[in-house]
Number of protein chains: 2
Amino acid sequence: MTITIKDVAQKANVSIATVSLALHDNVRISPGTKKKVMKVVDELNYRPSRIARGLVLQQTQNIGFLLTNDHFLHTEPFYTHIFLGSEFEARDHNFYVLLNTIPNKFNECDHLPRFVLEKNVDGVIIAGKVPLEIVTCLEADKIPVVFVDFYPPSGEYSAVLIDNVQGGEKATEHLIAYGHRNIGFIGGDMVHPSIRDRFQGYQIALEKFKIPFNMKQVVTRESTTNRKSGYHAAEILLKKNKDLTALFACNDAMALGAMQYIKETGKKIPEDISVIGFDDVVEDLSSDPPLSSIRVPKVEMGIESVRLLMDYLSSKRPKKVLIPVELISRNSVLNINGKY
Amino acid sequence: MTITIKDVAQKANVSIATVSLALHDNVRISPGTKKKVMKVVDELNYRPSRIARGLVLQQTQNIGFLLTNDHFLHTEPFYTHIFLGSEFEARDHNFYVLLNTIPNKFNECDHLPRFVLEKNVDGVIIAGKVPLEIVTCLEADKIPVVFVDFYPPSGEYSAVLIDNVQGGEKATEHLIAYGHRNIGFIGGDMVHPSIRDRFQGYQIALEKFKIPFNMKQVVTRESTTNRKSGYHAAEILLKKNKDLTALFACNDAMALGAMQYIKETGKKIPEDISVIGFDDVVEDLSSDPPLSSIRVPKVEMGIESVRLLMDYLSSKRPKKVLIPVELISRNSVLNINGKY
DNA sequence: AAAATTTAGTTAAACGTTTAACCTATAAAG
DNA sequence: CTTTATAGGTTAAACGTTTAACTAAATTTT
């Protein structure tokens with residue numbers, strides 16, 4: 001029913017080889033025949049079957065996109081935006097992106113995503129932290145891999161990483177520029193490298209402006225990085241440090257939790273305490289006041305990850321890209337210069 | 001390099017046909033040979049190539065998932081959860097889901113998603129409202145289609161739809177059960193059938209409890225359904241109706257906007273005004289107070305949409321499914337029975 | 001015991017491409 | 001005028017499956 005290269009060949013009165021070569025702009029085909037073929041292609045609205053193509057070319061033109069279930073469901077819209085970015089860029093390279101979430105725990109290579117088992121992808125993008133076993137399994141199968149927002153502790157891979165240190169600096173420097181000198185840091189699970197890097201950025205910024213670093217102004221013992229732990233951390237911090245004028249939370253969820261605690265104690269944001277977050281996932285109008293944050297260009301990260309994969313596919317050389325971040329100034333930070 | 005059916009056949013000392021038949025549990029193959037083949041399959045870790053399979057079977061085992069750019073980027077996490085549900089179910093049927101966002105405006109069939117042009121899907125799931133032109137184009141290509149959370153004005157299709165009328169009823173009845181008699185309705189773009197249905201549910205509930213319907217307590221003229229229009233609608237409603245004790249917003253975004261307006265006028269939620277939303281996309285802790293809402297089982301909708309597509313693929317008969325919704329009672333609605 | 005049926009496999013065609021190897025006519029070189 | 005090169009195609013094999021049609025041996029039926 002669906003029209004194939006045969007139909008085109010027949011109607012154009014040439015062999016199917018000629019059609020194929022014409023479509024690939026081969027020099028062997030004269031301009032005249034090329035035009036003739038193209039006309040028929042247009043008339044019949046012919047498109048090569050990607051499946052047949054894939055079979056003979058031994059390539060799938062598919063990219064696997066891997067993240068854990070939790071990351072897909074609960075860290076909206078962070079990873080979904082990265083995914084979408086990868087879709088955009090993949091389209092330009094005529095690739096499809098096959099999403100596959102994996103369980104948070106991973107035991108055996110048997111449970112690798114289908115597209116890996118069935119050799120249905122030319123490469124895989126891994127977004128966020130995943131069980132290391134899966135990396136080992138992919139390694140064994142020699143599947144090209146690009147990591148996004150995560151880098152395994154050992155090995156040499158292509159990766160798209162957020163410049164978290166720079167982000168931590170920018171956030172802290174923004175507070176400093178607005179006159180703040182007693183700045184609390186709300187960190188979560190310090191095992192996660194992003195959090196560590198943001199913390200490092202915080203320290204670098206303090207040092208740069210000769211502000212003494214005080215371990216009392218830092219909470220790094222929360223085991224999670226959600227709203228609840230932000231609330232809890234703010235409580236600890238503000239009870240212990242009466243002189244804090246600003247808080248830097250290492251993600252927006254924690255910042256929201258901190259804001260909630262601050263409000264519940266009857267204090268005003270930003271008049272009494274300024275708050276800045278990280279990730280910029282809180283939509284513009286959905287916190288009160290709108291939360292200043294560090295924007296991470298998620299779609300761009302997805303785009304970049306596909307580029308790195310394409311690059312690796314041809315060069316076989318891993319490459320790392322650091323994605324710069326941007327300060328988004330809204331109304332949760334008060335300029336207190338000259339006030340105290 | 002990658003092992004094929006030939007390798008298995010060779011090592012098991014049978015023909016490739018035998019391997020294939022054994023893998024499909026064909027009766028022609030004796031249990032002994034079957035076992036022998038399976039052993040080799042296991043040893044070599046063989047998996048049939050889905051591409052070769054697709055070519056001979058003339059089926060892709062792919063499902064296209066279509067939504068507009070806007071829906072993917074701005075209506076988080078609604079459609080992404082539906083998408084994930086479809087991925088789950090597709091996996092069980094050994095299908096892949098190819099996501100493709102389309103621009104909000106659509107001109108010509110040339111710009112159909114690649115997977116349609118290249119005949120790379122056996123069917124398409126369309127989530128949310130899309131330009132009607134695209135439906136026409138798909139119709140012309142005779143591609144099986146399942147709609148989710150949208151139904152085109154004409155034609156007979158498989159569809160997974162939210163029981164919005166029921167939802168409107170449940171929300172309104174909840175308010176009524178809690179003693180509210182003056183209930184405002186915040187609707188958005190009434191062109192969208194979901195909104196109309198939710199409004200209808202509101203009316204049905206009022207009627208059921210013999211509460212007079214008052215057009216003054218209703219805003220249906222907002223052109224969008226976001227936070228901002230919720231804010232605006234609440235303003236109109238509360239200025240006009242001093243006796244309102246509760247608001248039913250036809251989605252959570254508008255509910256949040258309404259809450260913001262209420263708070264800004266110095267009133268308390270739920271003490272002064274109760275608010276209930278719809279969709280339950282606001283995460284448990286991220287509004288203050290936590291917003292009561294009507295939960296829509298998004299993942300289940302995705303699952304159901306794949307089931308309908310599978311069903312259609314074998315039966316060629318369109319089928320519609322109404323998805324029931326659930327009241328999620330949190331703290332934005334006050335029980336005022338006996339208070340007035 | 002011959003014929004018919006059943007069992008358990010094999011052979012080969014088909015799916016729709018790509019492309020190396022081959023062919024034929026024409027142009028250029030010797 | 002013969003040989004060689006070039007231009008512009010065509011033929012056929014290959015990719016990895018599935019499956020209809022075939023076959024040979026074993027078993028059952030007559």
Side-chain angles (χ1 to χ4, degrees), chain A residues 1-38 40-41 44-62 94 96 114-115 117-122, chain B residues 1-41 44-62 94-96 114-115 117-122:
Chain A
M1 197 77 291
T2 134
I3 48 159
T4 74
I5 199 172
K6 267 189 200 164
D7 303 315
V8 178
Q10 206 166 316
K11 186 157 184 194
N13 242 322
V14 293
S15 73
I16 62 166
T18 302
V19 177
S20 178
L21 293 173
L23 281 170
H24 290 90
D25 239 356
N26 192 297
V27 285
R28 315 280 273 301
I29 309 300
S30 72
T33 335
K34 214 173 274 181
K35 204 166 267 178
K36 184 173 67 179
V37 169
M38 286 313 192
V40 177
V41 165
L44 297 183
N45 203 8
Y46 165 74
R47 283 260 182 167
S49 145
R50 129 183 313 255
I51 293 201
R53 213 156 175 282
L55 184 58
V56 61
L57 258 29
Q58 288 291 77
Q59 47 156 40
T60 63
Q61 300 270 90
N62 286 153
N94 200 26
Y96 283 111
R114 292 174 296 157
F115 52 60
L117 293 174
E118 293 172 352
K119 316 259 178 225
N120 199 222
V121 292
D122 298 336
Chain B
M1 196 78 293
T2 135
I3 48 161
T4 73
I5 199 171
K6 267 188 200 163
D7 303 314
V8 177
Q10 206 166 318
K11 186 157 181 194
N13 242 322
V14 292
S15 72
I16 62 165
T18 303
V19 176
S20 178
L21 293 173
L23 281 170
H24 290 90
D25 239 356
N26 192 295
V27 285
R28 316 280 274 301
I29 308 300
S30 73
T33 335
K34 213 172 274 178
K35 206 165 263 177
K36 184 173 67 180
V37 169
M38 286 313 193
K39 202 182 142 208
V40 178
V41 165
L44 297 183
N45 204 7
Y46 165 75
R47 282 262 181 166
S49 145
R50 123 183 320 254
I51 293 200
R53 215 158 173 280
L55 184 58
V56 61
L57 258 31
Q58 288 290 78
Q59 47 157 38
T60 64
Q61 300 270 91
N62 286 153
N94 201 26
F95 272 67
Y96 284 111
R114 293 175 294 156
F115 52 59
L117 293 174
E118 293 172 353
K119 315 260 177 227
N120 199 223
V121 292
D122 299 335

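By convention in this document, chain letters (A, B, ...) are assigned in the order of the sequence lines, proteins followed by strands, and residues within each chain are numbered from 1. Values reported hereafter were calculated over all heavy atoms of this structure, with side chains retained and with hydrogens, waters and symmetry mates removed.
- Evaluation of the side-chain contact (heavy atoms from CB on, under 4.5 Å) rule for A:Ile51 yields A:Ser49, B:Ile51, B:Leu55, B:Thr60, B:Asn120 as partners, not counting sequence neighbours.
- Take B:Asn94 and apply the side-chain contact (heavy atoms from CB on, under 4.5 Å) test, not counting sequence neighbours, and it matches A:Arg114, A:Glu118, B:Arg50, B:Gln61.
- Between B:Asp122 and B:Phe95, the closest side-chain pair of non-hydrogen atoms falls below 4.5 Å.
- Note on residues 51-62 of chain B: no pairs pass salt bridge (Lys or Arg N to Asp or Glu O under 4.0 Å), not counting sequence neighbours.
- Between B:Leu23 and B:Met38 there is a side-chain heavy-atom pair separated by less than 4.5 Å.
- Residue contacts shown for A:Thr18 include a base, since a base heavy atom lies under 4.0 Å away.
- Remark: A:Lys34 pairs with A:Ala22, A:Asp25, A:Ile29 by the side-chain contact (heavy atoms from CB on, under 4.5 Å) rule, at least two apart or across chains.
- Taking 4.0 Å as the cutoff to heavy atoms of chain A, we find the contact window on DNA chain D bounded by D:dG8 to D:dG16.
- Across all strands shown, B:Thr4 has heavy atoms under 4.0 Å from sugar-phosphate atoms exclusively, and none from any base.
- B:Tyr46 and B:Thr4 get closest at one heavy-atom pair: CE1-C, 3.5 Å.
- Along DNA chain C, the nucleotide nearest B:Ala17 and the nucleotide nearest B:Leu57 are compared for position; the residue whose nucleotide lies closer to the 5' end is B:Ala17.
- Within the 4.0 angstrom heavy-atom criterion, base atoms lie near B:Ile16.
- For the segment residues 24-36 of chain B, residues with any heavy atom less than 4.0 angstrom from an atom of DNA chain D are, sorted by number, B:His24, B:Arg28.
- For the pair B:Val56 and B:Leu21, nearest-nucleotide mapping onto DNA chain C gives the more 5' position to B:Leu21.
- Residue A:Ser49 is in sugar-phosphate contact alone, with no base atom involved, counting any heavy-atom pair closer than 4.0 Å across all strands shown.
- For A:Gln10, the CD atom is loosely surrounded, since the number of other residues' heavy atoms within 6.0 Å does not exceed 12.
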